[in-house]
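Scroll down for the structure; my scribbles are underneath it.
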Amino acid sequence: MCGIVGFTGPQSAAPILLQGLKALEYRGYDSAGVAVMDGGSIRLEKVSGRIANLCEKTRDGQAVPGCTGIGHTRWATHGAPTDINAHPHLSNDGRFAVVHNGIIENFASLRDELTQKGYSFVSETDTEVVVHLIEMYYRGNLKTAVMKTVSRLEGSYALGIVCTDYPDTLFAVRQASPLILGIGAGENFFASDVTALVAHTKNCIYLDDGELAELSPESVKVYDCAGQEIKKSVNRITWDLEAAEKGGYEHFMLKEIMEQPAAVKSALTPRIKNGEIVLDDFDPDGSLLRGVSRIVITACGSAYYAGCAGRYAIERLSRIPVTTVLASELRYDDPIIDDGTLLIVLSQSGETADTIAAMKECKRRGASTLAIVNVVGSTIAKMADHTLYTYAGPEIAVATTKGYTTQLAVLFLFALYAARKLGRIEDAQYRALLRQLKELPKKIQQAIDMAHSTEKLAQKVHKAPSLFFIGRNTDYAVALEGALKMKEISYVHAESYAAGELKHGTIALIVEGQPVIAVCCNEKLSEKTMSNIIEVKARGAKVLSVAVQGNRQIFSVADDVVCIPPTEQLFTPLLAVIPMQLLAYYTAKANGRDIDKPRNLAKSVTVE
Ligand code: G6P
């Protein structure tokens with residue numbers, strides 16, 4: 001969702017900006033543009049649609065001279081995805097150009113004020129108020145004008161600004177939207193995330209809310225919200241360029257599915273030391289956990305479903321009551337949260353606006369916060385009292401796969417850790433479960449191998465107008481994620497139901513030939529789910545079941561079966577989700593979809 005890049009250095013800026021924008025494509029967008037300082041003026045190029053159109057229009061940037069510039073991919077919020085609404089936006093006097101990620105909530109009143117003062121607007125965007133405010137406040141000092149401007153803004157923003165009076169300088173400022181500075185040799189950058197920087201530098205500075213940066217080829221200065229220069233530490237990016245490329249796979253999504261054994265291993269291995277779980281610096285003596293009366297898990301999308309699947313392990317093993325709440329709901333609720341609550345926040349990107357808002361609300365009410373996040377230095381990671389990184393590496397496909405499984409792996413570690421610290425698990429069981437946990441990466445690989453038939457099975461479902469996903473308990477959590485994945489990338493309508501709920505309504509929709517995907521991996525409940533399979537089959541459904549290897553009965557009940565290797569029942573979601581991901585992938589492929597960038601979706605949802 002909206003990507004920002006900026007470059008200043010000795011080389012031609014436009015090709016570098018376009019390359020950076022391509023690296024940010026995965027975030028989701030519907031128009032793109034660049035603004036480059038060309039002598040005493042600003043050259044602006046912007047188009048609706050793909051970056052490829054912008055590359056064509058500018059001959060890969062060659063047609064836009066100049067060595068300092070800003071670029072943007074826009075995911076439309078205010079106004080349609082047209083050339084005019086695309087960023088950058090120019091001031092009326094042509095002296096300033098601005099790119100923006102986020103939402104200016106008070107833009108309507110600012111627009112009225114500026115219109116009355118004679119400024120003319122050309123776009124429907126909220127962003128345009130920013131560039132006119134800068135022009136209005138500018139008296140020869142850009143830093144002062146930017147500070148005055150942001151003091152008028154309500155909402156969220158990461159802004160990149162250039163001005164003709166500062167031909168080799170970039171200004172950047174952030175408030176509740178991601179922005180990172182890239183520190184090079186004789187050249188400097190900014191970007192929404194590190195994927196746009198790794199091709200050039202591995203040294204970066206994470207800007208905090210309210211901070212303003214001034215970058216020239218030779219220097220990087222950061223100021224606090226009062227305008228005082230501050231010292232920021234330079235961090236090292238651990239991802240390399242290769243990790244953000246397709247590596248021979250047709251799609252990032254398939255590559256990321258295949259990376260899951262290694263990704264889950266990276267999440268688990270550093271945290272299992274000499275037969276004990278060590279959750280980085282989280283609660284080494286168990287005192288925090290002993291004061292916890294309730295755990296609330298919050299997140300959005302697949303991260304929420306990872307929470308739903310992980311809840312069973314945490315509650316079952318630690319005996320702490322756990323509830324899962326969608327962050328977009330929690331933020332506007334009046335939740336009963338106090339200092340006895342541990343809030344677990346799940347987020348691949350660490351930038352999801354609803355998740356951040358829910359977290360702020362719970363923190364305000366006294367909750368301790370533990371974030372499980374993939375992107376290092378992201379807003380959620382920095383806001384939380386404790387952060388456990390998932391170490392999944394860059395996830396580029398919009399539909400998450402390794403992001404989800406690594407979150408789940410960390411939740412399982414947490415469940416076992418909490419049970420141990422609270423003395424609620426026998427030593428032998430702890431050791432047995434730890435062994436099972438360590439075997440998960442190998443078993444994910446087996447699950448991938450066992451799911452080879454999903455490519456063929458996709459042919460049976462890809463034309464269906466609708467699919468049902470059913471399961472009970474942990475299997476229901478997997479059904480939720482399976483249906484979401486299917487909808488996101490194949491555009492086939494899919495609904496998930498707790499299998500026991502079928503008879504309370506949904507079974508009315510089962511007619512001859514209706515495909516049903518039944519997750520049947522919870523051994524305590526597999527008899528029950530198999531009864532549900534028989535019920536839907538009696539009404540003409542065609543059932544594909546995901547079951548644990550060794551369940552012989554399932555073959556006589558379902559039409560098709562995909563197996564996963566046996567593991568501890570609480571951990572089965574991590575394996576059962578693999579065939580779900582592959583089925584969605586191959587169904588999307590059979591339907592000719594844009595798998596890595598599904599329509600209307602964004603990877604990092606930084607606005608509400
Ligand atoms: C978007 C993505 C989903 C993701 C959700 C939460 O909707 O398309 O794949 O699950 O955001 O993102 P987060 O980065 O917070 O995990």
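As the structure lists them, so they are numbered: ligands from 1, and atoms in each ligand from 1.
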Under a 4.0 angstrom heavy-atom cut-off, which atoms of ligand 1 come close to [X]?
| X | result |
| --- | --- |
| A303 | 10 (O), 16 (O) |
| V398 | 8 (O), 9 (O) |
| A602 | 1 (C), 2 (C), 8 (O) |
| S347 | 13 (P), 14 (O), 15 (O), 16 (O) |

I need the nearest protein heavy-atom contact for [atom]: residue, atom name and distance, please.
| atom | value |
| --- | --- |
| atom 7 (O) of ligand 1 | V605 CG2, 3.9 Å |
| atom 16 (O) of ligand 1 | Q348 N, 2.7 Å |
| atom 6 (C) of ligand 1 | C300 O, 3.3 Å |
| atom 12 (O) of ligand 1 | T352 OG1, 3.4 Å |
| atom 10 (O) of ligand 1 | S302 N, 3.0 Å |

With a 4.5 Å cut-off on side-chain heavy atoms, are [Y] and [X] touching?
| X | Y | value |
| --- | --- | --- |
| Y585 | I595 | yes |
| L484 | Y304 | no |
| D596 | I396 | no |

Exercise. So with a 6.0 Å cut-off around NZ of K487, is the heavy-atom count from everything else above 12?
Worked result: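 Yes, because the 6.0 Å sphere around NZ of K487 holds more than 12 heavy atoms from other groups.
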* To do: Please list all pairs passing the ring-ring contact (aromatic ring centres under 6.0 Å, His included) test where one or both residues lie in residues 368-413, with sequence neighbours left out.
  =>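 As it turns out, the ring-ring contact (aromatic ring centres under 6.0 Å, His included) pairs with a partner in residues 368-413, which skip direct neighbours, are F282-H386, F412-F571.
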Worksheet item: Salt bridge or not for K603 and D193, using N-O below 4.0 Å?
Response: no
Practice problem: Using the salt bridge (Lys or Arg N to Asp or Glu O under 4.0 Å) rule, collect all pairs that involve residues 357-366, keeping only residues at least two apart or in two chains. | Solution: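 Qualifying pairs: D334-R365, E361-R364, E361-R365, K363-D385.
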Just to be sure I read this right, does ligand 1 sit under 4.0 Å from the backbone of K603, its side chain, both, or neither, counting only heavy atoms?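 The part of K603 near ligand 1 is the backbone, not the side chain.
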